[in-house]
Amino acid sequence: MKQVIVIGAGISGLAFAHRLEELSKAQNIPIRLTILEKSSRIGGAIATESREGFLIEKGPDSFLSEKPWALELARDLFVGPEIIGTHEQNRRVFVARSGELLGIPQGFHLIAPKSILSFLKSPLFSWQGKARVLMEMGLPKSKVGEDESIASFIERRFGKEALQCVGQPMIAGVYSGDPEQLSMQNTMPRFKELEAKYGSVILGLKKTAKSKAVPEKTSGVRYSLFLSFKKGMETLTRALADSLPANTFYMATEIEKLYRDVVSGKWTITARSGQVLTADLICFALPAKAVSPLIHPFEPALSEKLNQISYESVATLYFAYPRQAISHSLNGFGFVVPAAEKKSLMACTFVDKKFPGRAPSEHALFRVFVGGAFGKRYFEMSDQELTRTAQKELSEFLGIKGQPIFSTLHRHTEALPQYKVGHASLVAAIETKVQRFPGLYLTGASYRGTGISDCVHDARVQADMAFEWLSRL
Ligand SMILES: Cc1cc2nc3c(=O)[nH]c(=O)nc-3n(C[C@H](O)[C@H](O)[C@H](O)COP(=O)(O)OP(=O)(O)OC[C@H]3O[C@@H](n4cnc5c(N)ncnc54)[C@H](O)[C@@H]3O)c2cc1C
């Protein structure tokens, strides 16, 4: 029987293992699958908790409906009926400006307006800023195929004000990164495609709007197209784990050494506990920086490339309040805070306004993000100081009186891979080097997409290639 070891029991490792099992059963080629996980729980970044009638997502709170792979997987695992969409009536996002929350114009699509009229009425931009954004429709397009930073793209097409007011905080809300560094091609390829195809992002958005299911009355990126599960995101990772044989998992097992026998081609893994395992095929479903030291002894050049992918840290904090303590109308999904505001908060979700069933009636639950590229000094604060700072700012933004019913803090240290300019070439170089080691596969958020749906897709693609290779052994 072919032996397969998957390292990492986050969504990527689980989806990889699930697909291999599926193929093994369908083609009647038996495999013995083992998943090694460093921590004592399954799910990686996906972690849901219930507390006093509130539902808390320590990591991701949703997945994209636009990218179909997580949705399709959920249906295959029979948790389709558990899927929920966002509250339609609250689909808007605010941006902080000098302590006030201003609505992003309706129809504003992450960095560009689709509806010119509501954009013109918005107090978010100056008249000069508005004129510069609308000039985008007449600008020539750039050379095809060249990567550039998100900041360069937004500034080139829409001007500096669009970058500072909306672009930067929206990007920080999604990637927690610096738009001067992040690759346009690897984070928002659709806008580059619209520029290339229609000569203008605004005109492209207008032309493609009619064929899209997303209503025009939405703004922001995280919200309009997002799905979750009634009992939280862990529904998906639990269903995946339940679909695998019970003896698949080795928990609290961290790898110390990896060795490949050049004659037999077999892989040997030594865990920190001293346990030794061998396999025909090995798949790393970990952040690239965790794979790098394991690869170093036998392929330093690959190890060095893996180490070039950098990460940002964020903390998610939850605050629960009785509704009557809050003076803001909370008529949206939340707000983002530009770095220029010099606050600890990067973004805030009005959790119970975004998804149903997240808080008892007459209560409100807020999730705030702190850290990222511009908030390192806040991330470094003690838990107590960070909670106090975030709570004070939240209270000021939303007019909250009194203390929360409870608050929670979860740190995600170096958890968010940053796809910097040139990321595609770096990943291509990594792939070329990996191909020199038959039976070695890499998947996970570090390489070809950071969202849950991207991770599911990539894991399944890698599993298809891995199975094809295994079946030829
Ligand atoms: C705070 C936060 C919010 C997010 N929000 C969203 C969102 O709303 N929507 C969305 O689509 N995406 C979101 N993301 C991104 C998404 O959650 C992740 O990209 C995805 O979950 C990564 O899955 P993964 O399996 O690749 O990695 P992980 O989930 O990091 O899993 C890797 C696993 O490997 C284990 N491991 C590490 N080292 C070793 C070792 N040496 N040996 C054995 N095991 C090891 C870890 O313990 C972990 O369980 C968010 C991420 C974060 C951090």
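One-based numbering, in listed order, for ligands and for the atoms of each. Numbers here are sequence positions counted from 1.
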Going by the closest heavy atom to [atom], which one wins out of [options]?
atom	options	value
atom 29 (O) of ligand 1	Ala45, Ser40, Ala15	Ala45
atom 5 (N) of ligand 1	Ser446, Ala415, Pro60	Pro60
atom 23 (O) of ligand 1	Ile11, Ile46, Val6	Ile11
atom 35 (C) of ligand 1	Glu254, Lys38, Arg41, Glu37	Glu37

Worksheet item: Are Lys354 and Asp61 ion-paired here, with the side-chain N under 4.0 Å from a carboxylate O?
Response: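 Looking at Asp61 together with Lys354, the answer is yes, because their closest N to O distance falls below 4.0 Å.
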Discussion item. Could you check whether Glu299 pairs with Arg260 (Lys NZ or Arg NE/NH1/NH2 to Asp/Glu carboxylate O, under 4.0 Å)?
Written reply: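 Salt bridge flag = no for Arg260 with Glu299.
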Examine [X] against ligand 1 and note whether any of their N/O atoms are separated by less than 3.5 Å.
X	result
Ser12	yes
Ala445	yes
Pro287	no

Without swapping roles, check the side chain of [X] against the backbone of [Y] for a donor-acceptor pair under 3.5 Å.
X	Y	result
Ser344	Tyr378	no
Asp280	Gln3	yes
Ser303	Ser292	yes
Glu82	Lys231	no

Within the 4.0 Å heavy-atom shell around [X], which atoms of ligand 1 are there?
X	answer
Leu416	51 (C), 52 (C), 53 (C)
Ala285	32 (C)
Gly8	33 (C), 34 (O)
Asp61	8 (O)
Ile7	42 (N), 43 (C)
Gly444	26 (O)
Thr450	15 (C), 16 (C), 18 (C), 19 (O)
Gly451	11 (O), 12 (N)

Practice prompt. Could you point out which residue of Ile295, Val6, Thr443, Val434 forms a side chain to side chain contact (heavy atoms under 4.5 Å, CB included) with Phe284?
Written response: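 Testing Phe284 for a side chain to side chain contact (heavy atoms under 4.5 Å, CB included) against Ile295, Val6, Thr443, Val434 leaves exactly one candidate, Ile295.
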Worksheet item: What residue among Thr387, Leu317, Val314 forms side chain to side chain contact (heavy atoms under 4.5 Å, CB included) with Val370?
Response: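 With Val370 as partner, Thr387, Leu317, Val314 yield a single side chain to side chain contact (heavy atoms under 4.5 Å, CB included), made by Leu317.
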Between [X] and ligand 1, which residue portion shows a heavy-atom distance shorter than 4.0 Å: side chain, backbone, both, or neither?
X	result
Ser453	neither
His412	side chain
Thr253	backbone

Worksheet item: Is the closest side-chain donor-acceptor distance between Thr48 and Arg238 under 3.5 Å?
Response: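 Absent: no donor and acceptor within the cut-off.
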Discussion item. Side chains of Glu414 and Ser313 only: does a donor on one sit below 3.5 Å from an acceptor on the other?
Written reply: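 No, no side-chain donor-acceptor contact under 3.5 Å.
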Worksheet entry | Value rounded to 0.5 Å, distance of CD1 in Ile171 from CG in Leu182 |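 Reported to 0.5 Å precision, the distance equals 7.5 Å.
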